[in-house]
Chemist: 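What follows is a structure written as structure tokens; I'll ask about it next.
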Amino acid sequence: MCLTKQLIPLLSSCRNKSTLSKLHSLLITSGLLNQRSSATKLIASYAQNGDIDFARQVFDKLPQRGVDAWNAMIVAYSRMGFATEVLGLYWKMISEGIKPDSSSFTMAIKACTSLCDLEMGEKIWHQAVDYGYKNDAFVGCSVLNLFTRGGKMIEAKTVFEEIKRKDLVCWTTMVTGFVKNGQGIEAIEVFREMRKQGMEGDGVVMLGLIQACTDIGDVKMGVSVYAHMIRRNLPIDVLIYTSLVDMYAKNGHLGLAYSMFCNIPQKNAVSWSALVSGYAQNGFAGEALELLIEMQRVGCKPDLASLVSALLACSHVGYLKKGKSIHAYILRRQELKHVSATAVIDMYSKCGALSSARVVFDMISGKDVILWNAMISSYGIHGHGIAALSVFQEMIKTNSNPDDATFASLFSALGHSGLVEQGRYWFDEMRNTFKIEAKEKHYACIVDLFARAGKVEEALDLINSMKVHDHGISIWGALLSGCHNHKRYSIGEMAAKKVLQLQPDDSGIYSLVANFFASVKKWKEVAEVRKAMREVGMKKVPGYSMVEVKGKLHAFLMDDKSHYQYKQMVNMLEKLDHEMRAMGYVPKTEFVLHDLEEEVKVTMLSNHSERLAIAFGLLNTEPGTKLVITKNIRVCGDCHEAIKYISKIVDREIVVRDVKRFHHFKHGVCSCGDYW
DNA sequence: TTAGGGTTAG
């Protein structure tokens, strides 16, 4: 007995295989291996030394195995992340009549969580309840994790309330659970409740709170969490700093994000990545790409996440050359899968290289939903509705489950290709066969599908069949856009008024309303729209266009006189203008937001950034070269018309991508027909 | 229990 007492601490601290096997032999020769505690420790030590297979051999040879030995083996597998083995042992243990305890249940449920097997997890949780562990903090916490990962927040809350002595980990799990499910407000509420119970928070909860603030856009509260940590002398580590960077960046405060980033004493790839993605997501693609280079310069190797953010930046501005090189880099690192593959596909399609996107897509085995969705939406934004539909059908054939985003992309693709009947059919299928409830975004797509095809009344009927609280801006915006295109002024006016009532915070939608009123020459209403924009504190986003010429990206603002080739571009546009007019082009001046003199309006139109980008492209590329232009806001209706003529005059394929979709101009027609 | 990354309307 005395020997065992001496051996156990030795076993626990042993970090050396040969010493361990000597201790092992000693246990055997002295006949002590049968003692529970020594066997358990031996298994744990072998496992900790990385020899899990040998630990298993020891375990298998034990003549008597109590719950501690089983748990030691289960914990060993769990630490290695071998979830299947954990569950195998768990069930074997039960079949051998061993009563699991709190640890066994905790580990087994944790294994289910990592396998995303909600059903199995719930089954084990019921067993735990039967064995009397309903109020156990460890078991409860593992179940919380299981439920919060599976999005079952109501069930999680119920379990949480049953836990008798909630420790900090329980509270934290609940807070981060709400955060992960996008319920920032609930997360903060749980934290307040925790404080009421007299529990002090640590860095981990604070981290969750900062993320909650990021989510709900409450930067002020996020800062006060930070201040609270400083007051309480809680250590501000790189995780906290990075989350703060992320909070500022995601809420558009890039300057603050940057200065917080500079505060980080030991920046790592994640901190860099938070900043890179912040710039990329806010449309500052050039800065994002520069940061990626700077990051490498200071010796921080970009990880997949930062490369994915950089790809997003390339997508934003249509920088195909850079995107391609990032793709090649990812291939060299052999990391083209799931997230990165999706980003690569998205980049190719948004940069106009749809066929490259398809090639990458076909190469990926084991496609997940998001990857399928990316391919469907790629075809959608290029106006290839039938191709999008066939990818969708292929997806169903391979038994992948479409989600709500799949249908949103599909409907949008069908709508832009005028496939009204298919849209109607799959809208019903989504609800009836796939049991996916139609959300506002789906209604918006279907309303758009009808309205785009001129079926304005049918669109309105659909809106009237919806629950009123789902009548968001997107719904009325889609209707208004259809009315605008089909000159359906009375329903359009109603939709325009509804949009204004809802006080959008997005300048794009105000432009739509203003253009609608402008097209019926209601200048008083146009002025009201501008006033409303001012009141909500909206500025019209300055439009810019990008064009990639010989692997370099060039940006143009409207009427950008500073450019070194400005004169030549204007000459080129004037020459084109003459030829266009001779062919029957009439400027559509209603697309100018302001109520100006006709002549001024015309010059403003002809200096739109997309036209400057086209002129620059024409001047600096070989005849016949395809031009790809990227625009940060919607291409204006007049430019859309003009580019049709230009494509015919210069005999070039011109591709313009605006906020969301592509316009392929060739021989005087646009792939999207008369809709813009 | 511990930060950053992929798809989705107008």
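Sequence lines set the chain letters: A, B, ... in the order given, protein chains first and strands last, and positions in each chain run from 1.
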Chemist: Who passes salt bridge (Lys or Arg N to Asp or Glu O under 4.0 Å) against A:Arg79, sequence neighbours left out?
Modeler: none

Chemist: In chain order, what residues pass the side chain to side chain contact (heavy atoms under 4.5 Å, CB included) check against A:Ile293, with sequence neighbours excluded?
Modeler: A:Lys322

Chemist: Can you name the residues that form a side chain to side chain donor-acceptor pair (under 3.5 Å) with A:Ser390, not counting sequence neighbours?
Modeler: none

Chemist: Answer with base, sugar-phosphate or nothing: what part of the nucleic acid does A:Lys367 contact at a heavy-atom distance below 4.0 Å?
Modeler: nothing

Chemist: Do the side-chain N or O atoms of A:Lys267 get closer than 4.0 angstrom to the phosphate oxygens (OP1, OP2) of B:dA3?
Modeler: no

Chemist: Tell me, for nucleotides 4-10 of chain B in 5' to 3' order, what letter each nucleotide earns: B for a base near a protein heavy atom under 4.0 Å, S for only sugar-phosphate near one, - for neither?
Modeler: BBBBBBS

Chemist: Under the side chain to side chain contact (heavy atoms under 4.5 Å, CB included) test, which residues partner A:Glu335, sequence neighbours left out?
Modeler: A:Leu304, A:Ile330, A:Arg333

Chemist: Please list, chain by chain and in numerical order, all residues satisfying side chain to side chain contact (heavy atoms under 4.5 Å, CB included) with A:Asp136, sequence neighbours excluded.
Modeler: A:Ser102, A:Tyr133, A:Phe138, A:Val139

Chemist: Answer yes or no: side-chain N or O of A:Asp237 and base N or O of B:dA3 forming a donor-acceptor pair under 3.5 Å.
Modeler: no

